[in-house]
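Below: one structure, written as C-alpha cells.
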Amino acid sequence: MIKEFVHLTNMFENMGFVYLGPVDGHNMEELDKVLQTAKTYHHPVFIHVNTVKGKGYKFAQENPGEYHGVACFNPKVGTKETWKKECFSCAFGDILVKFSKSDKNICAITAAMKYGVGLQSFCREFPSRFFDVGIAEQHAVTFAAALAKSGKTPVFAVYASFLQRAYDQLIHDVTLQNLHIVLAVDRFGVVGSDGETHQGTFIMNMLMGIPNVTIFTPCNYQELEEHLYKAIYEVKGIAAVCYPRGKEQLITPLPTDKNEDTAVITYGRMYTELSQRMNNVYTCHDILYPVQESFITQFLSKKHILFIEEMYETGGYGDYFHLQLIHRGYTGTFRKKALPAIIKQAPPSFIFSSLLDTGTAVIEVP
C-alpha cells in the first residue's frame, strides 16, 4: 500500500501483472524471498531484479563491454582481447567514422551491442548521431526507416543472428516504403566460440527473400570500405554489407593454372579459405546479390561448377545462382556444398574442413 501511494502504479500493473521489486539480484536471501512470494500469487507476476554486469569478477566490472562476449581465456589474468584489436567489426567502425566526418546525414544504430559491432568510436565522435535502442532489433529497423524518411542515412550495425528478429520490419517498414537503409551485418556465417545461437548461417537465405535488397559480402577490409561506400551512396533500398567475425585473412596466391572446364564459386570469407586450397576459385568482388550479368556469364561455358557457401543449404545463394545459370541456358553439371540447419559450437576451421570433407579432391566434380 505504501509503494502504491508513493509510486502510484506502473505499466506492468496496468497490464494486470503483480509487480514485485526492485530487488537486489546479487542478494540471494532477498531474491529467494521475492521468488517465494511470487509463487503465492495466482496471477501473472513481474519481478524487477537489479544486477550489475560482471558482478564478482573484477576485470568484467571494470570493462563490462569488453567482457560481453569473449573466447577462451585465463580468468586469473583476464582476457587479452581489446576493442582496439584488428577485426572486421573494428574496421567497420573506423570506416564509418571516416565517412561520417564529411557526411552529417550518417547515423549509427545499435541494439545494445555498441562494443560488439565496433561502434564505440562512432559514439564518442558523434554522440548526437548515435542511437542505442536497447535489445529491440525490430524497433531498430523501424527507427532506421523513420530516419531514412526524414532524409538521414541510417546504418544499423547488428549481428546476423539478431537481424532475423526484424524480418517483418524490413519488409513492412522499409521495403514497402521504398526507403534506403544500410545494414552492417556482423557475424555473417559461422562464428566459432560465440556458439550455435549466434551462427549467422540463415541471413543470406532471409535477405534474398526481401524485395529491393542489395547484398555485399567483402572478404577483406579494403572490400569492406568499398562496399560500405557503395551501400551508403550508390545503392537504393536496403543495402546489406555482410562480414564475418574475426579478422581478415591474407591470400597466398597459388599458381594460375586454372582448369578451363571447372569452376569453384563462393563468396565472402570462403573465398580466402578456398583460395589457399585450390586455384580455380571465383567470387564476385562487387555486388553479390542480385547477381551481376558480367559475373555470371563467364560460367556458361564451364562443363562443371562446384558452389560452396557457409550458409544454410536450403534456399541459399547457391540455389539462386544455379537458377540464374539455368535461365541463361547453362547445361553443365552443378554441385553445391553448404551447411546443415544447426551448427554446433566449433572453430570455423573445423567447420570448414567438415564442409569440404577435409579437403578431399574438392575440385574433382563429376
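Because the structure is predicted, anything quoted here is derived from the model rather than measured.
In terms of modelled atom types and a separation under 3.5 Å, the side chain of Lys302 and the main chain of Glu260 share a donor-acceptor contact. The main-chain N or O of Val235 is found under 3.5 Å from a side-chain atom of His180 such that the two form a donor-acceptor pair. A donor-acceptor pair is defined here as one N or O able to donate and one able to accept, closer than 3.5 Å; no such pair exists between the side chain of Gln169 and the backbone of Thr142. Looking only at distances, no side-chain donor or acceptor of Asn50 sits under 3.5 Å from a matching main-chain atom of Asp24. Looking only at distances, no side-chain donor or acceptor of Tyr289 sits under 3.5 Å from a matching main-chain atom of Gln292. The backbone N or O of Gln138 lies less than 3.5 Å from no partner atom in the side chain of Arg165, so there is not a single donor-acceptor pair. A donor-acceptor contact shorter than 3.5 Å is absent between the side chain of Asp261 and the backbone of His304.
Contact check for Phe59 versus Asn63: no side-chain heavy atoms found under the 4.5 Å cut-off. Between Val281 and Thr283 there is no side-chain heavy-atom pair separated by less than 4.5 Å. Looking at Ser100 and Glu125, their side chains never come closer than 4.5 Å, going by heavy atoms from C-beta outward. Between Leu147 and Ile109 the shortest side-chain heavy-atom distance falls below 4.5 Å. Within the 4.5 Å cutoff, the side chain of Leu163 has no heavy atoms near those of the Glu137 side chain.
In this structure, Phe307 and Tyr267 have tilted ring planes: the angle between them lies in the 30° to 60° band. Classified by interplanar angle (parallel below 30°, tilted 30° to 60°, perpendicular above 60°), the ring pair Tyr312/Phe202 is tilted. The aromatic rings of Tyr317 and Tyr320 are tilted relative to each other, their planes meeting at an angle between 30° and 60°. By the 30° and 60° cut-offs, the orientation of the rings of Phe46 relative to Phe17 is perpendicular.
Of the options Phe156, Phe143, Phe122, a ring-ring contact (aromatic ring centres under 6.0 Å, His included) to Phe131 is made by Phe143 and by none of the others. Each of Leu170, Val174, Val241 was checked for a side chain to side chain contact (heavy atoms under 4.5 Å, CB included) with Leu183, and the lone residue meeting it is Leu170.
The CG atom of Leu288 sits 4.0 Å away from atom OG1 of Thr217, with the distance rounded to the nearest 0.5 Å. Between Glu13 atom CD and Tyr19 atom OH the span is 8.0 Å, to the nearest 0.5 Å. Atoms CD1 and CG, on Ile215 and Leu207 in that order, are 4.5 Å from each other to the nearest 0.5 Å. Atoms CD1 and CZ, on Ile135 and Phe162 in that order, are 8.5 Å from each other to the nearest 0.5 Å. Here CD1 of Ile265 is found 11.0 Å from CD of Glu309. Values are rounded to the nearest 0.5 Å. The CD1 atom of Ile181 sits 8.0 Å away from the CG atom of Leu179 when rounded to the nearest 0.5 Å.
Annotation for Gln199 and Val191: closest pair OE1-N, 2.9 Å, computed over non-hydrogen atoms. The two residues Thr266 and Met270 have their closest heavy-atom pair at OG1-CB, 3.0 Å. Residues Tyr57 and Pro75 share a closest heavy-atom pair of OH-O, 2.7 Å. Closest approach of Ala240 and Val185 over heavy atoms only: CB-CG2, 4.3 Å. Minimum interatomic distance between Leu355 and Ala338 (heavy atoms only, all atoms of both residues): CD1-O, 3.3 Å. Scanning all heavy atoms of the two residues, the minimum distance from Ala160 to Gly200 falls at CB-CA, 3.8 Å.
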>> Under the criterion side-chain contact (heavy atoms from CB on, under 4.5 Å), I'd like the reasoning laid out for Asp186 against Met113: C-alpha separation, chi angles, the key distance, then a yes or no.
In response: CA-CA 11 Å; Asp186 203 323; Met113 294 295 292; over 6 Å; no

>> Set out, in order, the CA-CA distance, both residues' side-chain angles and the distance that settles side-chain contact (heavy atoms from CB on, under 4.5 Å) for Gln345 and Glu196, then state yes or no.
In response: CA-CA 5 Å; Gln345 180 173 331; Glu196 63 189 77; 5.7 Å; no

>> With side-chain contact (heavy atoms from CB on, under 4.5 Å) as the criterion, how do Lys114 and Gln120 come out once you've worked through the C-alpha distance, each side chain's angles and the decisive distance to 0.1 Å?
In response: CA-CA 6 Å; Lys114 176 176 71 175; Gln120 63 273 26; 4.3 Å; yes

> Passes salt bridge (Lys or Arg N to Asp or Glu O under 4.0 Å), Glu273 versus Arg269? Steps please.
Replying inline: CA-CA 7 Å; Glu273 290 287 335; Arg269 169 175 53 184; 5.6 Å; no

>> Walk me through whether Arg187 and Ser89 qualify under side-chain contact (heavy atoms from CB on, under 4.5 Å).
In response: CA-CA 9 Å; Arg187 269 61 170 182; Ser89 304; 3.2 Å; yes

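Side-chain atoms of Thr175 and Asn212 form no donor-acceptor pair, as typed in the model, at a separation below 3.5 Å.
A centroid separation of 6.0 Å or more is found between the aromatic rings of Phe126 and Phe130. A centroid separation of less than 6.0 Å is found between the aromatic rings of Phe299 and Tyr282.
In Lys336, the NZ atom is crowded: over 12 heavy atoms of neighbouring residues, nucleotides or ligands sit closer than 6.0 Å. For Met15, the CE atom counts as densely surrounded, since its 6.0 Å shell holds more than 12 non-hydrogen atoms of other residues, nucleotides or ligands.
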Only pairs under 3.5 Å count here: list side-chain donor-acceptor contacts from residues 321-329, not counting sequence neighbours, and write none if there are none.
unit_1 : atom_1 : unit_2 : atom_2 : d
Gln324 : OE1    : Arg328 : NH1    : 3.1
Arg328 : NE     : Glu293 : OE1    : 3.2
Arg328 : NE     : Glu293 : OE2    : 3.1
Arg328 : NH1    : Gln324 : O      : 2.9
Arg328 : NH2    : Glu293 : OE1    : 2.8

Report, one line per pair, each donor and acceptor closer than 3.5 Å where one atom sits in a side chain of residues 220-232; sequence neighbours left out.
unit_1 : atom_1 : unit_2 : atom_2 : d
Asn220 : OD1    : Gln222 : N      : 3.2
Asn220 : OD1    : Glu223 : N      : 2.8
Tyr221 : OH     : Cys87  : N      : 3.4
Tyr221 : OH     : Glu248 : N      : 3.2
Gln222 : NE2    : Glu226 : OE2    : 3.2
Glu223 : OE1    : Cys219 : N      : 3.1
Glu223 : OE2    : His285 : ND1    : 2.5
Glu225 : OE2    : Lys98  : NZ     : 2.6
His227 : NE2    : His285 : O      : 2.9
Lys230 : NZ     : Asp286 : OD1    : 2.7
Lys230 : NZ     : Asp286 : OD2    : 3.4

With a 3.5 Å cut-off and sequence neighbours excluded, list the donor-acceptor pairs that the side chains of residues 29-43 form with protein atoms.
unit_1 : atom_1 : unit_2 : atom_2 : d
Glu30  : OE2    : Asn27  : ND2    : 3.3
Thr37  : OG1    : Lys33  : O      : 2.9
Thr40  : OG1    : Thr37  : O      : 2.6

